[in-house]
Amino acid sequence: SVRLAIAQGFNRWIKVVIQGMEEDGHRAFLVVLADVDEQVRLGETVRSQRDRGAVALEAAGRGLFELDLVSRELEVTGDLLGGEGEKPITLDGLLSAMHPEDREPFEAAQAAHIRDTSKPMSAEFRFGNDRKEWLWRMVTGQVVGLDMDGYPARMSGIITDISTRKQAEQKLKQSEQRLKSILADSPVGVAVVDQKGDIQFCNQRFSQMRNLPPDMLKGVNIGSFYTKHDKFCKHLAAFTRDQRLDQAKVAWGMQARSRRWVLMTWTPFAFKGRDSILCWAYDITELVRAERKLKELATTDHLCRIFNRRFFMLLAKRELNRAKRYNLPLSLVMFDADKFKAINDTHGHDVGDKVLVSIAATGKNALRDVDVLARIGGEEFAALLPETGGESAMVVAERLREAVDEQSIKVKDLAIGVTISLGVASLDQDVESVEQLLMRADKALYAAKTGGRNQTVYAHEMELTPQEEGGIG
């Protein structure tokens, strides 16, 4: 092809073909001229664009490659494989310079693409340069030409320098390993969970709270530890909103015997490049048990395991105020063991204690969950019956009396019968305090005692004599 000057400042590409020939015994030449100007200029434009694209890709740490699948010749722009400019090498040469661990995955990715060209080839690999350094590259390619039989013959694509990214990933991995080591040795339970609560990592202390090795907890949702799953949902929603959860008290475990109390704090955390949650779990089970024990000591009678007088008065005042505010009925039953001093003197205080425990247990079985049962004195008990009128309270009291009367306390070969006397008082407009209600029930109890014991007396139906105004004494 030659460039001819057609006019001043105007050239045109012409393809010239000259063929020697004999014509009637004379030598001659056949000259064929073809206008290829448009074709040549189009080629120059393509090459120019390709060069500009290669420069742009090289600036971005990328280059173009073309691979002849038949000859296995490989052409790469730039210095992404260690040379300057376009560097023709062979695929076998690249494989020999490739890290041994990366050769098989690379060839497998190429073979998979040739089998199914609808999916681009993508592979990451390391290769050694002249300075004996391992450099990371990523190849993304596509078959672009077929042979005469329709088999893939040529591939082209982009090769990218990913060394910086891989170095950052390695540093991140090392940093995570150091953090894991620190967290693993922490005396506090630590877990990393994803945005849904699935455990990605936990230390030994955390796994001990669940009595399982750390590996068995991986992938388990932390919400499954909660006694109430809706509380976990609330915690997750609060963290999503506020990006923090501070010292949330949580009960773990569905079985009461194995239940543990945990104080949890959640903070945002990046784990393996993903947004995650770092959970700090402080086991406060022993503290909660100690608090409950202190509360029990402050509110419970140590012998009968029912409320003591102090806590009974507190609850009774609340119920009295509620009953007066909403105009609800309220009754109180006082009772004690008949001839209790004689039992102590005859059989000893150990037997007397058994009698009191038995009466308390019978009382709990005979009353409702909403009723308040307490030991308010030596052998004296009181039961507050919310939303219960006088007649109903008498029925309850009689049921309790009969239940105690039917039982006996076994001491060695003896069966000791026990009875109780009961006094019932109900709230009316004249009652201003719990103390007044107790005084009325106490007077009714005194009447039951003086009337023969093992009976129930309703304060509103009795007439007290002046001598009886002092109560039991």
Side-chain angles (χ1 to χ4, degrees), residues 186-190 205-211 222 225-232 234-235 238 245-266 279-323 330 332-337 349-350 352-386 433-435 437-438:
S186 171
V188 177
V190 182
R205 184 69 188 95
F206 186 93
S207 66
Q208 288 172 351
M209 296 182 192
R210 299 299 300 158
N211 296 320
I222 198 172
F225 301 166
Y226 280 58
T227 303
K228 296 180 179 179
H229 190 265
D230 60 336
K231 191 167 187 177
F232 166 71
K234 291 178 181 178
H235 284 173
L245 182 71
D246 280 320
Q247 298 187 349
K249 188 177 178 182
V250 180
W252 280 6
M254 300 305 294
Q255 300 297 327
R257 289 183 179 179
S258 60
R259 185 167 299 162
R260 305 200 71 80
W261 287 92
V262 179
L263 203 63
M264 300 201 72
T265 295
W266 296 0
C279 300
W280 298 88
Y282 302 85
D283 190 342
I284 58 170
T285 304
E286 295 306 320
L287 177 61
V288 170
R289 288 173 179 170
E291 289 177 348
R292 290 183 173 181
K293 186 65 177 178
L294 288 174
K295 183 178 179 181
E296 181 180 326
L297 292 173
T299 62
T300 306
D301 180 77
H302 71 283
L303 176 64
C304 297
R305 315 308 298 171
I306 58 177
F307 292 136
N308 58 22
R309 182 184 183 93
R310 176 180 172 277
F311 196 58
F312 174 83
M313 294 299 291
L314 177 64
L315 296 179
K317 288 176 181 178
R318 290 179 186 174
E319 285 296 332
L320 180 67
N321 291 335
R322 189 174 75 92
L330 179 69
L332 188 145
V333 180
M334 282 190 67
F335 57 97
D336 70 5
H349 290 280
D350 289 345
D353 288 347
K354 290 181 180 180
V355 168
L356 297 178
V357 171
S358 176
I359 292 174
T362 304
K364 285 192 288 187
N365 291 332
L367 299 175
R368 304 168 299 177
D369 291 339
V370 296
D371 298 332
V372 181
L373 176 65
R375 181 185 177 196
I376 60 173
E379 69 269 25
E380 293 178 344
F381 298 84
L384 191 71
L385 312 180
S433 66
V434 174
E435 287 78 8
L437 199 59
L438 276 169

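Throughout, numbering of the chain's residues begins at 1 and tracks the sequence.
Expressed to the nearest 0.5 Å, how far CG of D301 lies from CD1 of I376 amounts to 11.5 Å. Between K231 atom NZ and K249 atom NZ the span is 8.5 Å, to the nearest 0.5 Å. To the nearest 0.5 Å, the span separating OG1 on T300 from NZ on K295 amounts to 9.5 Å.
For D283 and R205, the salt-bridge test passes: some basic side-chain N is under 4.0 Å from an acidic carboxylate O.
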Residue pair L384, D371: steps toward the side-chain contact (heavy atoms from CB on, under 4.5 Å) verdict: CA-CA 6 Å; L384 191 71; D371 298 332; over 6 Å; no
side-chain contact (heavy atoms from CB on, under 4.5 Å) between L385 and V333, intermediate numbers included: CA-CA 8 Å; L385 312 180; V333 180; 4.0 Å; yes
Verdict with reasoning, R292 to W261, per side-chain contact (heavy atoms from CB on, under 4.5 Å): CA-CA 12 Å; R292 290 183 173 181; W261 287 92; 3.1 Å; yes
CA sep, side-chain torsions, deciding dist, call: I222, M264, side-chain contact (heavy atoms from CB on, under 4.5 Å): CA-CA 11 Å; I222 198 172; M264 300 201 72; 3.7 Å; yes
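A distance of 6.0 Å or more separates the ring centres of H229 and Y226.
By the 4.5 Å heavy-atom criterion applied to side chains, V355 and E379 are not counted as neighbours. In this structure, the side chains of L373 and K364 come closer than 4.5 Å at one or more pairs of heavy atoms. Annotation: side chain of I306 is in contact with side chain of F381 (closest heavy-atom distance under 4.5 Å). Inter-residue side-chain proximity for R260 and V288 is flagged as unmet; no heavy-atom pair is nearer than 4.5 Å. Residues L356 and R375 have side chains in contact (heavy-atom distance under 4.5 Å, counting atoms from C-beta outward). Contact check for V250 versus H235: side-chain heavy atoms found under the 4.5 Å cut-off.
Here the side chain of R368 pairs a donor or acceptor atom with the backbone of P386 at under 3.5 angstrom. At least one donor-acceptor pair closer than 3.5 Å links the side chain of T227 to the backbone N or O of G253. With hydrogens and angles disregarded, a donor-acceptor distance shorter than 3.5 Å links the side chain of T265 to the backbone of Q247. Distance alone, capped at 3.5 Å, places no donor-acceptor pair between the S358 side chain and the K354 backbone. Judged purely by atom type and a 3.5 angstrom limit, D353 has no side-chain atom pairing as donor or acceptor with the backbone of L303.
Residue F206 forms a ring pair (Phe, Tyr, Trp, His ring centres under 6.0 Å) with just one option from W280, W252, Y282, and that option is W252.
Residues A251 and R259 share a closest heavy-atom pair of CB-CD, 4.1 Å. Between A281 and V262, the closest heavy-atom pair is CB-CG1, 3.6 Å.
Geometric assessment of R210 against the ring of F225 yields a positive cation-pi assignment under the 6.0 Å and 45° thresholds.
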Got a list of side-chain donor-acceptor pairs under 3.5 Å for residues 310-321, not counting sequence neighbours?
| from | atom 1 | to | atom 2 | distance (Å) |
| --- | --- | --- | --- | --- |
| E319 | OE1 | R322 | NE | 3.3 |
| E319 | OE1 | R322 | NH2 | 3.2 |
| N321 | ND2 | K317 | O | 3.2 |

